[in-house]
Amino acid sequence: MAKVNLDVAVVGGGLGGLYALYRLRRLGFTTRVFEAGSGVGGTWFWNRYPGARCDIESLEYSYSFSEELQSEWRWPERYATQPVILQYINHVADRFDLRRDVELNTRIASAVYDRAANRWTLTAGDGTIISARYCVMATGNLSTPRVPDFKGLESFQGKWHHSGLWPAEGVDFTGQRVGVIGTGSTAIQMIPLIARQASHLYVFQRTANFSLPARNAAMDVERERQHKADYARRRDEARTTPFGVSGYPLPTQSALAASPEERRRNYERLWDEGGTIGFLTCYNDFLVSEEANETAAEFVREQIRRTVHDPKVAELLAPKDHPIGSKRLCLDTGYYETYNRDNVTLVDARSAPIEEITPRGVLTADREYELDAIAFATGFDAMTGALREIDIRVEGGEVLAEKWVGGPLTYLGLMSAGFPNLFMITGPGSPSVKSQMIVSIEQHVDWIARCLDDLRTQGLARIEPTADAEVAWVAHVNQVADSTLYPRANSWYVGANIPGKPRVFMPYVGGVGAYRRRCDEIAANGYEGFEVTAEGNAALRQRTLSAA
Ligand code: N01
């Protein structure tokens, strides 16, 4: 049984874990990454379904930590595909010599903290035991795929796949009758491509989602040149914006203060430009006032009605049960147009729900659909799923999954009280999924790196949030969310897609800029809200940690 001794164990070899390794190794901490997959890439390793691509422009959705990397890497399209992003991540792993400290095919099953020894012991599925002073969970927000508990799935005689565990060799649907279950971001990307291959495609829609056109295109070389020439300023700007994307500052104008003509012109311009962030930041009341929000929602419904020829299908596709943007806004290429094809049928799985999977296909309350293949685009146990799957506990103390039974409790989405030296990258309670993920990943890793460095410099060895600071932060996260329209939607942001999951709004929606400032202030104020202790008899030697 292999035993590994480290300063820092990082769980997860995606964008977060790799950057953590890069930063911590440069600070001289012995660090290793443990990754369940057979390759690096995390989300971009697993989600290989047709049409998978980023919905944030690649010039933004990329690491900023290396000037050479960001200026030299060429993105072929405005929005990179999954294979290109995976290639980029592999390039980063090679370029910064990260692979020698990445253990692939290693799924961490448990992480147990021993207070007396001040060490975490991680156990992998293959029996490897890792002892580390610090543990960084870079396990991702959307890394626990979820296939609904449909009766009869095992009896299905065709092939089925979940988008988040898609076969690396791809799936050929040529000439097949295919069912796609779900109409979230993933389904909206895969449907147009599967429709081109399948003899017939049935889309099982329970809830219609708002989707905006991507207007993807080959990278405009001049635009790329200008963006890169201005990279330093743009990256700085991104860090101060609500969603972590440059060019989209905090909006100041109210939609209700604009005239209907002015609003329409604005929405048309944004629709023609493509992308989601323009809509999300077009007016300061877009995500807080139902009336303001409805002006944009109705504009998008009109575009759907204009695009889809069959008025009944258009009406089914036009979302009416949640404010636009309160669920993840989807981005598509030819999604609504796909419903004009003769070989595509939209099945209303709201009025006639799926009852079971049969050997021949899908049985709804209405009828049976005979299928050769099913693609589950049914989402993930988001934000907490991956952490709850690992048995994280303190010897003789708390178990994280039990502590979070009523919803995740964290301070800043970085740590949870009672679990010393355990960090999360983009954990619940941080902007995470409500931001450009790489901006948030870099911010969390930089914060953790600075914290570990400060601890080491000052002879300290243990940090954990106080229960009071955590309670106050969780209250703040809820209060900010409650002042918006976000909680109105049955989204995975509130865990609504997992039966029995407590309904708690998980990401922090106060904005990337405001959040970063708070994290920096907290560190600068001697890690306010954290308890830090020296090695040895912690209770007697409690000290204040000051930021370097
Ligand atoms: O998952 P989802 P996703 N019967 O949870 C339906 C990110 N992402 O994989 O809404 C019938 O959004 C469910 O219906 P309902 C992005 O953050 C990013 O699409 O629960 N239907 C819904 O339609 C995104 O938000 C990119 O009524 C059932 C769908 O399945 C997140 O991943 C690309 C059902 C699940 O939608 C997750 O998106 C793709 C049932 N029993 C995804 N159970 C980028 O571009 C579930 N559904 C970066």
Side-chain angles (χ1 to χ4, degrees), residues 8-21 33-47 89 102-113 120 122-125 130 132 135-147 162-166 184 186 328 376 378-393 399-405 407-410 413-416 419 422-435 437-438 440-441 444-445 448 491-502 504 506-508:
V8 191
V10 177
V11 184
L15 287 156
L18 291 181
Y19 180 53
L21 171 59
V33 168
F34 300 91
E35 164 56 48
S38 60
V40 295
T43 289
W44 298 107
F45 175 86
W46 297 105
N47 285 267
I89 298 172
V102 179
E103 213 69 63
L104 298 173
N105 302 304
T106 307
R107 185 176 286 279
I108 298 299
S110 68
V112 181
Y113 177 72
W120 281 92
L122 283 71
T123 307
I130 302 118
C135 182
V136 175
M137 292 294 176
T139 40
N141 286 288
L142 295 159
S143 40
T144 311
R146 180 187 166 265
V147 175
H162 186 283
S163 59
L165 292 169
W166 205 260
T186 298
R328 171 77 172 211
F376 287 95
T378 43
F380 302 84
D381 184 352
M383 305 204 70
T384 53
L387 288 166
R388 285 165 47 90
E389 269 186 358
I390 303 172
D391 180 13
I392 301 173
R393 59 177 70 227
V399 176
L400 191 77
E402 285 170 10
K403 177 181 172 186
W404 284 10
V405 80
L409 300 170
T410 74
L414 272 164
M415 297 190 85
S416 190
F419 296 85
L422 177 82
F423 297 90
M424 290 165 271
I425 298 181
T426 68
S430 74
S432 56
V433 295
K434 290 310 303 164
S435 68
M437 283 303 292
I438 304 183
S440 289
I441 283 170
H444 267 192
V445 170
I448 294 165
S491 65
W492 56 260
Y493 297 148
V494 292
N497 62 326
I498 304 293
K501 193 164 172 171
V504 174
M506 294 182 284
Y508 178 61

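V33 approaches G13 most closely through the heavy-atom pair CG1-CA, 3.7 Å. The two atoms that bring F380 and S143 nearest to each other are CD2-N, 4.1 Å, heavy atoms only. Listed here is the closest heavy atom pair of A138 and V10: CB-CG1, 4.1 Å. Of all non-hydrogen atoms in A124 and T106, the two that sit nearest each other are CB-CG2, 3.5 Å. Nearest heavy-atom pair across V433 and M383 is CG2-SD, 3.9 Å. In plain terms, the two heavy atoms of T384 and D381 that are nearest each other are OG1-OD1, 4.0 Å.
Between V102 and L21 the shortest side-chain heavy-atom distance falls below 4.5 Å. Residues E35 and V40 fail the side-chain proximity criterion, which asks for heavy atoms closer than 4.5 Å. Side-chain contact check for D391 versus V399: some heavy-atom pair is nearer than 4.5 Å.
Remark: side-chain polar atoms of N47 are not paired, donor with acceptor, to backbone N or O of L165 under 3.5 angstrom. Under the 3.5 Å distance criterion, the side-chain polar atoms of W404 are matched with a main-chain donor or acceptor of L409. Between the side chain of K501 and the backbone N or O of A382 there is at least one donor-acceptor pair closer than 3.5 Å.
Note that CD1 of I425 and CE of M437 are 9.5 Å apart. Values are rounded to the nearest 0.5 Å. Of the inter-residue distances, the one linking L142 atom CG with W492 atom CH2 reads 4.5 Å to the nearest 0.5 angstrom. The distance from the CG atom of L422 to the CG atom of L387 is 8.0 Å, given to the nearest 0.5 Å. Of the inter-residue distances, the one linking R107 atom CZ with F34 atom CZ reads 15.0 Å to the nearest 0.5 angstrom. The OG atom of S416 lies 5.5 Å from the CE atom of M424; values are rounded to the nearest 0.5 Å. If you take CD1 on I392 and SG on C135, they are separated by 7.0 Å, rounding to the nearest 0.5 Å.
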* Should H444 and F423 be marked as a side-chain contact (heavy atoms from CB on, under 4.5 Å) after you check the CA-CA gap, both sets of side-chain angles, and the distance that decides it? -> CA-CA 9 Å; H444 267 192; F423 297 90; over 6 Å; no
* When you look at T378 and H162, which way does the side-chain contact (heavy atoms from CB on, under 4.5 Å) test go after all the steps? -> CA-CA 8 Å; T378 43; H162 186 283; 3.6 Å; yes
* **Check against side-chain contact (heavy atoms from CB on, under 4.5 Å), S163 and T186** => CA-CA 7 Å; S163 59; T186 298; 3.3 Å; yes
* I390 and T139: CA distance, side-chain angles, deciding distance, side-chain contact (heavy atoms from CB on, under 4.5 Å) verdict -> CA-CA 10 Å; I390 303 172; T139 40; 4.1 Å; yes
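Listed by chain and residue number, Y113 satisfy the ring-ring contact (aromatic ring centres under 6.0 Å, His included) test with W120 (two or more places apart in sequence, or in another chain). Here R328 pairs with D55 under the salt bridge (charged side-chain N to carboxylate O under 4.0 Å, His left out) rule; sequence neighbours left out.
A donor-acceptor pair shorter than 3.5 Å can be found between the side chains of S440 and S435.
For the side-chain contact (heavy atoms from CB on, under 4.5 Å) criterion with Y508, the lone passing option out of P428, P431, S432 is P431.
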